[in-house]
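To start, the structure under review is shown below, and the notes come after it.
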Amino acid sequence: MKKLVNDPRAVVGEMLEGLVSLHPGLALLEGEHVILRSDIPPEPAARPVAILSGGGSGHEPAHAGYVGPGMLHAAVAGDVFTSPSTDAVLAALRAVSGPAGALLVVKNYTGDRLNFGLAAELARAEGIPVEVVVVADDVALRDTVEPARRRGLAGTIWVHKVAGAASAAGASLAEVAREAAEAAAQLGTMGVGLGACTVPASGRPGFTLGEDEMELGLGIHGEQGVRRVPLQPADALVDTLLSTILADRQWGPGERVALLVNGLGGTPAQELAIIARRALAFLRERGLRVERAWSGAFLTALEMPGCSLSLMKVDDARLARLDAPASAPAWPGSGRIGPPVRRVSSATPPQADASVSRAPGMERVSEALLAVAQALDAAEARLTELDAAAGDGDLGLSLARGAAAIRALPETAWTSPARALTAVGEALRRSIGGSSGPFYATALLRAARQLGAAPASARAWAEAFRAGVAAVAELGGARPGDRTMLDALHPAAEAFAHALDQGEPPALAWARALQAAREGTEATRQMTPRLGRASYLGARALGVPDAGAEAVCVWLAALTPFVQ
């Protein structure tokens, strides 16, 4: 891997520091990977509707580059191609929102929807009005998944612009959300990749292409496309992309549109200009009126060579929002050098004190969870490899971060079994981005509630295990057979409970649970994924086990010596 980085684990923080150093008017939220406008009024009552967005890093200049007057008030950055945590989104909401409320603009990925959605619920509970608009503009998936599961791509930038302009004009939260949702509903995007990118944590390209091949209909996370096709001349490729968008949106002669020619990170401006030339000519030949057009790198996938084309249907009102002044760094017109990094304090709720006296048996619980942390560290490379085969390759690093969070738990975490599970769930929620953080946090919190204050017998642990698995299914909407972590979790929980019901000792019952999880994980090799990023690959994901299910086997095995 050849990249101008210091440490793959420090990429995001150092990148954000550099961005804030270069541009005036931006600040870092202390303790979080959040960039916000430094002119946010200190008095919440004086703040307009706040516009926030974000997601995994690696899409620069999105999303932090769109923080500034006329666009976003804050952007939340996760690890590379990994959703930021719920707590980071919540911290950003607290930092920039007032009584006027906030709008979250979210790209349609499971991790982003879970973390931003949960943060919205927590903020509402604190009295902050929050609305969420989800962008799902990827027309390449029209024959693969239902419209509600399409990915959010470069068209998201226009939603930032429309919402930011509406907020700057003094619109209410309901009005801003309506305009943003209407803009998102009038978008279509399709991309093409000429090669792969390399995620710093994995150290190698996500896929390989022949010299005469390209991936058509890909996303923005280094994954493969909907299909691999022979290399085409630029004009033929543009015709393919725009024809697909127009057919999907059912737009024809007389429609007024805006055009976005977006480079994916490794495409020269020369090639983008060639693409733009044909795109404008094609649309005019079809009788459409191109009211506005932009070309450049707006939302990328690290250094991937390729591009995407976006169209948005416009009217006079939407054009006015696009034309409204904006001075975010990545929007045309910005280029001033700013002062050194500015930091502002993060507002976090006070933590309640807790007793530090351990209940009987908690020493063993502590040792068991530390063994889980050690096992996740040891499995990092294997989980990264599996996740890269059908996802974005971030699972190994994400769970390694979770392992570090478990080791850092304070003594107050070990006062009771329920408290331990709650503390671990909260730690994983804060430390693991993407989908894994919310899933594990939800499972552990539900299991903790199931345990309650009663003595933690083997039967009680079995019921807590079942409750946690049910919570994962409810949150993600998955079922066994969908090629997810549930294909290991569900059979393991059921096997453990059934073996105990048959009078088997806990150690043997747990061995049966581990075996059931391994069999379920092995079965995922032949399952066509229904949910998550792997679902975008369809049958191309077959042949390797699901990484999330494999991770379940890792920590189940680590717990085995402690079940008696």
Side-chain angles (χ1 to χ4, degrees), residues 81 136-147 149-155 187-198 204-249 251 259-268 270-283 285-286 295 297 299-311 388-393 528-529 533-544:
F81 294 168
D137 55 325
D138 185 7
V139 304
L141 298 177
R142 60 197 301 243
D143 298 323
T144 306
V145 298
E146 58 266 34
R149 295 193 180 278
R150 295 183 180 186
R151 296 172 288 206
L153 301 179
L187 285 175
T189 298
M190 188 169 178
V192 62
L194 306 183
C197 62
T198 299
R204 59 186 180 186
F207 57 87
T208 57
L209 278 174
E211 288 297 318
D212 59 348
E213 295 178 320
M214 60 184 182
E215 288 284 342
L216 190 64
L218 77 174
I220 52 172
H221 294 100
E223 70 269 54
Q224 300 171 74
V226 172
R227 64 183 185 275
R228 187 166 295 186
V229 299
L231 190 65
Q232 302 175 19
D235 284 4
L237 176 61
V238 170
D239 292 1
T240 297
L241 298 179
L242 290 180
S243 294
T244 304
I245 295 173
L246 294 179
D248 179 81
R249 305 308 301 167
W251 293 339
L259 167 70
L260 188 73
V261 179
N262 174 60
L264 294 179
T267 309
Q270 179 186 75
E271 295 175 26
L272 293 179
I274 293 172
I275 294 292
R277 158 194 160 275
R278 176 54 191 164
L280 290 168
F282 177 91
L283 292 169
E285 290 168 4
R286 293 293 185 95
S295 178
L299 197 152
T300 66
L302 292 173
E303 77 281 20
M304 177 175 279
C307 72
S308 66
L309 296 180
S310 299
L311 294 178
D392 50 31
T528 300
R533 287 181 188 160
S535 66
Y536 308 144
L537 300 180
R540 299 180 71 178
L542 298 177
V544 295

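In this chain, residues are counted from 1 in sequence order. These numbers come from the heavy atoms of this one structure, side chains and all, not from hydrogens, waters or symmetry mates.
- Nearest heavy atom pair, residue L241 against residue G191, reads CD2-O, 4.2 Å.
- Contact between M190 and L216 at its shortest, heavy atoms only, is CE-CG, 3.9 Å.
- Distance CZ/F207 to CG/L218: 6.0 Å, rounded to 0.5 Å.
- If you take CD on Q232 and OG1 on T240, they are separated by 4.5 Å, rounding to the nearest 0.5 Å.
- At distances below 3.5 Å, not a single donor-acceptor pair connects side-chain atoms of D235 with backbone N or O atoms of R278.
- Here the closest non-hydrogen pair linking G222 and A301 is N-CB, 4.5 Å.
- Nearest heavy atoms, R228 versus Q224: NH2-OE1, 3.5 Å.
- Atom CZ in R150 sits 9.5 Å away from atom OG1 in T144 (nearest 0.5 Å).
- Put simply, the residue from L280, L272, I275 that forms a side chain to side chain contact (heavy atoms under 4.5 Å, CB included) with S295 is L272.
- Evaluated for a side chain to side chain contact (heavy atoms under 4.5 Å, CB included) with R151, the options T189, V145, D138 yield exactly one hit, D138.
- R249 places none of its side-chain heavy atoms less than 4.5 Å from the side chain of L311.
- Remark: side-chain polar atoms of E303 are paired, donor with acceptor, to backbone N or O of T198 under 3.5 angstrom.
- Shown here are the salt bridge (Lys or Arg N to Asp or Glu O under 4.0 Å) partners of R142, two or more places apart in sequence or in another chain: D248.
- To the nearest 0.5 Å, atom CG of residue L259 and atom CZ of residue F282 are 11.5 Å apart.
- Under the 4.5 Å side-chain criterion, counting only non-hydrogen atoms from C-beta, D143 is not in contact with V226.
- Summarising the geometry of A154 relative to S308, their closest heavy-atom pair is CB-OG, 3.8 Å, with the distance given to 0.1 Å.
- Sparse packing is recorded around CD of Q270, with 12 or fewer heavy atoms of other residues, nucleotides or ligands lying under 6.0 Å away.
- Among residues two or more places apart in sequence or in another chain, the side chain to side chain contact (heavy atoms under 4.5 Å, CB included) test is passed with P305 by L194.
- Between I245 and G188 the shortest heavy-atom distance is CD1-O, 3.8 Å.
- Put simply, CG on L260 and CG on L299 are 9.0 Å apart, with the number rounded to the nearest 0.5 Å.
- Using a distance-only test at 3.5 Å, with no hydrogens or angles considered, a donor-acceptor pair links the side chain of D137 to the main chain of L153.
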Residues M214, L237; criterion side chain to side chain contact (heavy atoms under 4.5 Å, CB included); working and verdict: CA-CA 10 Å; M214 60 184 182; L237 176 61; 3.8 Å; yes

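- Atom SG of C197 and atom CZ of R204 lie 14.0 Å apart (nearest 0.5 Å).
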